[in-house]
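No hydrogens, no waters, no symmetry mates; every other heavy atom, side chains included, goes into these values.
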Amino acid sequence: MEWRRLAAALIMLATLLGSSPVAAQGADGSNVETRELAERYAPVVMIAPQDGPCDSDGEAFAPMSVDLILDNPDVILRQAGLGDPVVERAPSAASLFGRGEGFYLDFPGLSLEPGCVYESDFRADSEGQPSVVYAHIATQDDAPDQLAVQYWLYWYYNDWNNKHESDWEFIQVLFDASTVSEALREDPVSVGYAQHEGGERSSWTDGQLLRDGTRPIVFPSTGSHGSYFEQAAFLGRNGTQGFGCDTTTENTRELRPVVEVLPTVVSAATDDYAWLGFTGRWGERGNGPFNGPTGPNTKPQWENPIDWHNDLRASSVIIPGGDETNVAVLSTFCNVVDFGANQLRAFQVSPTRLLVSAAVAFIALRLLVQQTEWSVSSPTP
């Protein structure tokens with residue numbers, strides 16, 4: 001009997017040594033099942049093509065791998081305060097691990113006066129590299145019978161009213177299932193698309209959601225990268241919608257990003273995706289909406305995907321294209337918001353210059369008023 005026990009022990013030891021933590025079966029399914037689920041519902045991304053480099057009418061960027069900015073000699077890790085000193089050049093995932101909100105990544109260029117610097121650097125770094133989307137299996141403790149597959153997209157630069165380095169956007173596919181194994185046997189119930197501080201949802205069978213088989217089709221707004229269900233111009237009137245106008249009307253270039261599956265947590269600098277342990281900013285430090293964003297695992301929806309999904313709107317406000325009066329009014333709104341954003345950025349860059357310009361404009365307006373002759377006119381023809 002002793003030799004049988006010894007043989008059993010040797011077999012168990014060999015099994016343990018031959019297995020890896022990544023492939024081990026867990027409560028949410030095996031690594032193989034997780035990857036199968038993530039790839040089955042990976043989004044097809046439609047962006048607006050450019051006529052040439054630095055064409056402002058098209059989308060200059062695409063969802064990319066963060067590996068392209070890690071170990072990159074042009075990227076600097078800084079610590080906020082006392083002149084924002086350089087901590088490390090070309091920081092690695094390991095060196096980002098454990099760094100908190102007092103640290104940020106700094107790219108070449110000025111985020112409030114981008115010119116074509118960010119696009120040129122993105123083109124140089126991403127040439128020949130595939131587009132990437134990061135999948136994450138998300139569950140919520142008080143909603144054990146639902147499971148979400150989140151798809152996070154990393155963009156190098158946000159070229160909208162709130163210009164800033166880096167941009168994290170995402171969509172999620174929701175299942176009435178408690179495990180990955182169950183989700184593989186069922187269709188999703190709905191899909192949520194993030195837009196600025198809020199988002200929009202659609203049921204899986206609604207015609208509003210365009211799909212290529214099982215893959216949702218997402219239309220990121222040019223510049224802001226908010227995710228939409230269709231090609232249109234959208235009106236943002238508050239924080240959850242964004243304040244301004246998003247457009248996807250020209251989104252005809254198709255991207256099928258490579259899927260990488262993220263763990264929920266990382267515990268050491270040597271872990272794969274150790275950069276998830278970085279809770280600082282992924283871009284140049286700025287004021288308010290111009291600040292670089294934090295990473296996906298710092299967002300409430302990372303741990304509470306169901307609460308986020310339930311708070312989504314059922315639709316977005318589309319700017320109508322048939323009524324010329326409506327188009328003129330809404331275009332004026334969009335232009336005014338854009339002008340206001342430009343003035344706010346100008347104030348951030350050089351308060352003195354903006355104040356001088358405003359003073360000159362005020363003096364000119366006052367002179368015009370003084371030179372104008374005012375008289376009472378007849379109220380009738």
Side-chain angles (χ1 to χ4, degrees), residues 16-17 19-39 42 63-72 75-80 87-107 129-141 147-156 165-173 179-180 183 194 257-283 292-306 308:
L16 290 172
L17 292 174
S19 65
S20 68
V22 173
Q25 182 76 21
D28 290 330
S30 71
N31 184 65
V32 173
E33 289 179 320
T34 298
R35 175 157 289 281
E36 180 183 353
L37 183 66
E39 291 186 345
M64 63 184 287
S65 169
V66 300
D67 291 343
L68 298 180
I69 66 168
L70 299 176
D71 301 301
N72 186 325
V75 177
I76 297 172
L77 175 64
R78 293 184 182 273
Q79 185 170 9
V87 176
E88 186 175 346
R89 293 184 181 276
S92 65
S95 61
L96 291 183
F97 178 81
R99 307 277 188 182
E101 60 182 15
F103 297 85
Y104 68 93
L105 297 177
D106 190 8
F107 302 161
Q129 300 296 321
S131 188
V132 169
V133 63
Y134 292 99
H136 170 238
I137 305 300
T139 57
Q140 188 170 310
D141 291 342
L147 176 147
V149 184
Q150 299 179 338
Y151 295 96
W152 292 86
L153 300 95
Y154 173 72
W155 304 77
Y156 188 74
E165 296 175 348
S166 288
D167 192 19
W168 282 101
E169 299 289 345
F170 92 114
I171 72 167
Q172 73 174 18
V173 182
T179 67
V180 167
V258 173
V259 178
E260 295 193 27
V261 180
L262 295 176
T264 297
V265 295
V266 291
S267 56
T270 55
D271 288 354
D272 291 339
Y273 305 105
W275 50 263
L276 279 172
F278 175 58
T279 56
R281 299 280 174 175
W282 284 80
T294 56
N297 59 319
T298 66
K299 312 299 185 187
Q301 54 266 41
W302 183 266
E303 294 184 348
N304 296 290
I306 312 306
W308 179 83

Please step through side-chain contact (heavy atoms from CB on, under 4.5 Å) for the pair Ile69 and Tyr154, ending with a clear verdict. CA-CA 11 Å; Ile69 66 168; Tyr154 173 72; 3.3 Å; yes
Could you go step by step and tell me if Met64 and Val132 meet the side-chain contact (heavy atoms from CB on, under 4.5 Å) rule? CA-CA 5 Å; Met64 63 184 287; Val132 169; over 6 Å; no
side-chain contact (heavy atoms from CB on, under 4.5 Å) for Val173 and Tyr151? Distances and angles first, verdict last. CA-CA 8 Å; Val173 182; Tyr151 295 96; 4.0 Å; yes
Run the numbers on Leu70 and Asp67 for side-chain contact (heavy atoms from CB on, under 4.5 Å), then give the verdict. CA-CA 5 Å; Leu70 299 176; Asp67 291 343; 4.0 Å; yes
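Heavy atoms of other residues, nucleotides or ligands lying less than 6.0 angstrom from CD of Gln129 number more than 12.
Tyr134 places a side-chain N or O within donor-acceptor distance of the main-chain N or O of Val66, the cut-off being under 3.5 Å.
Smallest separation of non-hydrogen atoms from Gly295 and Thr298: O-OG1, 2.6 Å. Here the closest non-hydrogen pair linking Thr139 and Pro305 is O-CD, 3.8 Å. For the pair Glu165 and Pro293, the tightest heavy-atom approach, listed with the atom from each and the gap, is O-CD, 3.2 Å.
At least one side-chain heavy atom of Pro91 sits under 4.5 Å from a side-chain heavy atom of Leu96. The side-chain heavy atoms of Ile137 and Thr264, taken from C-beta on, include no pair separated by under 4.5 Å. Using a 4.5 Å heavy-atom threshold, the side chains of Asn31 and Val261 count as separate. Between Lys299 and Thr294, the closest side-chain pair of non-hydrogen atoms falls below 4.5 Å. Between Ser92 and Asp71 the shortest side-chain heavy-atom distance falls below 4.5 Å. Considering only heavy atoms from C-beta on, Leu77 comes within 4.5 Å of Leu105 through its side chain. Side-chain contact between Thr179 and Glu33: absent, with no pair of heavy atoms (C-beta onward) separated by less than 4.5 Å. With contacts defined as side-chain heavy-atom distances shorter than 4.5 Å, the pair Phe170/Gln301 qualifies.
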Show the atom names and distances, to 0.1 Å, of all donor-acceptor pairs under 3.5 Å that link a side chain in residues 274-281 to residues at least two apart or in another chain.
unit_1	atom_1	unit_2	atom_2	d
Thr279	OG1	Arg99	O	3.4
Arg281	NE	Gly292	O	3.4
Arg281	NH1	Gly292	O	2.8

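Using a 3.5 Å distance cut-off with no hydrogens or angles, the side chains of Glu260 and Tyr273 do pair a donor with an acceptor.
Taking the salt bridge (charged side-chain N to carboxylate O under 4.0 Å, His left out) definition, one finds that Glu39 meets it with Arg35, sequence neighbours left out.
Interatomic distance, CD1 of Ile306 versus CG of Asp141, reported as 11.0 Å (0.5 Å rounding). Between Ser166 atom OG and Tyr156 atom OH the span is 8.0 Å, to the nearest 0.5 Å.
The distance between the ring centers of His136 and Trp302 falls below 6.0 angstrom.
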